[in-house]
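Down below is the structure, laid out as structure tokens.
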Protein chains: 2
Amino acid sequence: MEENVMTQAMIVRLQQAGYRKTAARNAVMAVLRQAPLHLTHQEILSQARALNATLSLASVYRTLELFTSLGLCRPLYLGEGGPRFACVEDGHHHHMVCRACYCTYHFPECTAGELEVELSSRFGFRIESHLVEFYGLCRECQAEGEAGKDGLG
Amino acid sequence: MEENVMTQAMIVRLQQAGYRKTAARNAVMAVLRQAPLHLTHQEILSQARALNATLSLASVYRTLELFTSLGLCRPLYLGEGGPRFACVEDGHHHHMVCRACYCTYHFPECTAGELEVELSSRFGFRIESHLVEFYGLCRECQAEGEAGKDGLG
DNA sequence: GTAGGTGCAAATGGTTTGCAATTCG
DNA sequence: CGAATTGCAAACCATTTGCACCTAC
């Protein structure tokens, strides 16, 4: 636990829920927070071992489940290979996923803010984060489709 | 294949991609289209057997993978028990998921339309559907948190 | 008629779990 | 010190796959 990778808010959320701040959780959070893309359990393990050489895959599973239940991250399907995890501490994620090659583009625009307020009050839901995902075909896969291969275009 | 559960657009998409219209695919699509909630593989199998008594779980897996690759449905994490599938032929899905009890609320509002047009032209992406997901605590779980149990409130 | 699709059951491997040792508070 | 957490390895079970039979086209 050499570095201060968890924000104060994260530590408070962990500890108020009765959980401890450990080296394993620190390493997983460090990886999630710096990852430019969403990662699988195995990818998180590989990267986190740079910070915690004895980290086990079982702990990665346990930690990601805990973080998800606390609202610190979110599992998503973005193609093949099972769930991938995104850190949602900053509150929102927006991306486009190609259904053919699974490439993913991120964009900063967000139109969900006003809706969030409206829904919060209507349903009494305390909204902590959101995800906006567009789904379709990227430029390259459209071109391949038009070339005749699978006729999807 | 007694009923006409696939839209003409779905049949065209299947066949232009070189796939056949079969009883198994028909049954799975029928279940997806009429389901008020998102279902797991096993739930889809159970319901689809009413339409196709000999349907196998393996075919459900194969069919859902195919439909996903064609953009006819979408896997999501909405709590425990692995992926759940939503039919996205109608183009969009909006819901709120509670991170504690996993209850799910749907709502009709959509603010993604204008953004869709903008992103399409900027990235050359052909957007076919989208998902807007809010994530947080439902009214009941907020109350439980405030009652002191896990201090999340 | 034939390539594509299905059901079955076995194989696979991702995920979970029991437990002794370790660590946080 | 006591309870929570971890790593390991075995257990579990969801998912995939091989194959012979069937069916859409």
Side-chain angles (χ1 to χ4, degrees), chain A residues 1-2 4-6 10-29 39-46 48-49 51-70 72 75 77 79-85 149-151, chain B residues 1-6 10-30 39-46 48-49 51-70 72-73 75-77 79-85 149-151:
Chain A
M1 232 162 336
E2 303 77 4
N4 205 31
V5 296
M6 296 207 204
M10 291 174 188
I11 296 170
V12 166
R13 185 171 285 178
L14 261 185
Q15 297 189 337
Q16 286 202 348
Y19 300 102
R20 295 175 179 176
K21 180 170 175 293
T22 69
R25 290 172 185 161
N26 216 47
V28 171
M29 180 52 73
L39 306 174
T40 63
H41 292 96
Q42 191 63 60
E43 290 164 351
I44 290 169
L45 175 65
S46 303
R49 283 212 163 139
L51 303 167
N52 181 347
T54 65
L55 183 66
S56 67
L57 185 55
S59 286
V60 172
Y61 276 91
R62 286 187 282 229
T63 299
L64 290 168
E65 185 184 351
L66 175 63
F67 284 178
T68 300
S69 75
L70 294 176
L72 300 176
Y77 277 104
E80 305 158 306
R84 292 174 170 272
F85 288 81
K149 185 175 153 292
D150 66 4
Chain B
M1 229 159 341
E2 302 79 4
E3 310 186 28
N4 206 30
V5 295
M6 298 208 201
M10 291 177 188
I11 296 171
V12 165
R13 185 171 284 178
L14 261 186
Q15 297 188 336
Q16 286 202 348
Y19 299 102
R20 294 177 180 174
K21 180 169 176 293
T22 69
R25 291 171 185 162
N26 215 47
V28 170
M29 180 53 72
L39 306 174
T40 63
H41 292 97
Q42 191 63 60
E43 290 165 350
I44 290 167
L45 175 66
S46 303
R49 282 213 164 139
L51 303 168
N52 181 346
T54 64
L55 184 65
S56 67
L57 185 55
S59 284
V60 173
Y61 276 91
R62 287 186 281 229
T63 299
L64 289 168
E65 186 185 350
L66 174 63
F67 284 178
T68 299
S69 76
L70 294 176
L72 300 176
C73 70
L76 298 172
Y77 275 105
E80 303 157 309
R84 293 174 170 273
F85 288 81
K149 182 173 157 292
D150 65 5

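Residue numbering restarts at 1 for every chain, and letters A, B, ... go by the order of the sequence lines.
- Between B:L66 atom CG and D:dT16 atom P there is a gap of 13 Å when expressed in whole angstrom units.
- For C:dG25, the OP1/OP2 oxygens have a side-chain nitrogen or oxygen of A:Q15 closer than 4.0 Å.
- If you measure from atom CZ of A:F67 to atom C1' of D:dT5, you get 13 Å, rounded to the nearest angstrom.
- Look at CG on B:N26: it is 14 Å from C1' on D:dT23, rounded to the nearest Å.
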N/O-N/O pairs, protein side and nucleotides 6-9 of chain D side, under 3.5 Å:
from	atom 1	to	atom 2	distance (Å)
D:dT6	OP1	A:T22	OG1	2.8
D:dG7	OP1	A:T54	O	3.0
D:dG7	OP1	A:L55	N	3.3
D:dG7	OP2	A:S56	N	3.2
D:dG7	OP2	A:S56	OG	2.9
D:dG7	OP2	A:S59	OG	2.4
D:dG7	O5'	A:T54	O	3.3
D:dG7	N7	A:R62	NH2	2.7

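- Side-chain contact between B:L66 and B:R25: present, with at least one pair of heavy atoms (C-beta onward) separated by less than 4.5 Å.
- One interatomic measurement links the two molecules: CG of B:L14 to P of C:dA3, which rounds to 20 Å at whole-angstrom precision.
- Rounded to a whole Å, the NE2 atom of A:H41 is 12 Å from the P atom of C:dG14.
- Applying the ring-ring contact (aromatic ring centres under 6.0 Å, His included) criterion to A:F85, with sequence neighbours excluded, gives A:H41.
- Legend: residues meeting side chain to side chain contact (heavy atoms under 4.5 Å, CB included) with A:T40, ordered by chain and number and at least two apart, are A:Q42, A:E43, A:R84.
- In this structure, the side chain to side chain donor-acceptor pair (under 3.5 Å) partners of A:S56, at least two apart in sequence or on a different chain, are A:S59.
- Residue whose closest nucleotide on DNA chain D sits further toward the 5' end, between B:R20 and B:G82: B:G82.
- The CD atom of B:E65 sits 18 Å away from the P atom of D:dA14 (whole-angstrom rounding).
- Between B:L51 and B:N26 the shortest side-chain heavy-atom distance does not fall below 4.5 Å.
- Between B:R20 and B:Q15, the closest side-chain pair of non-hydrogen atoms is not below 4.5 Å.
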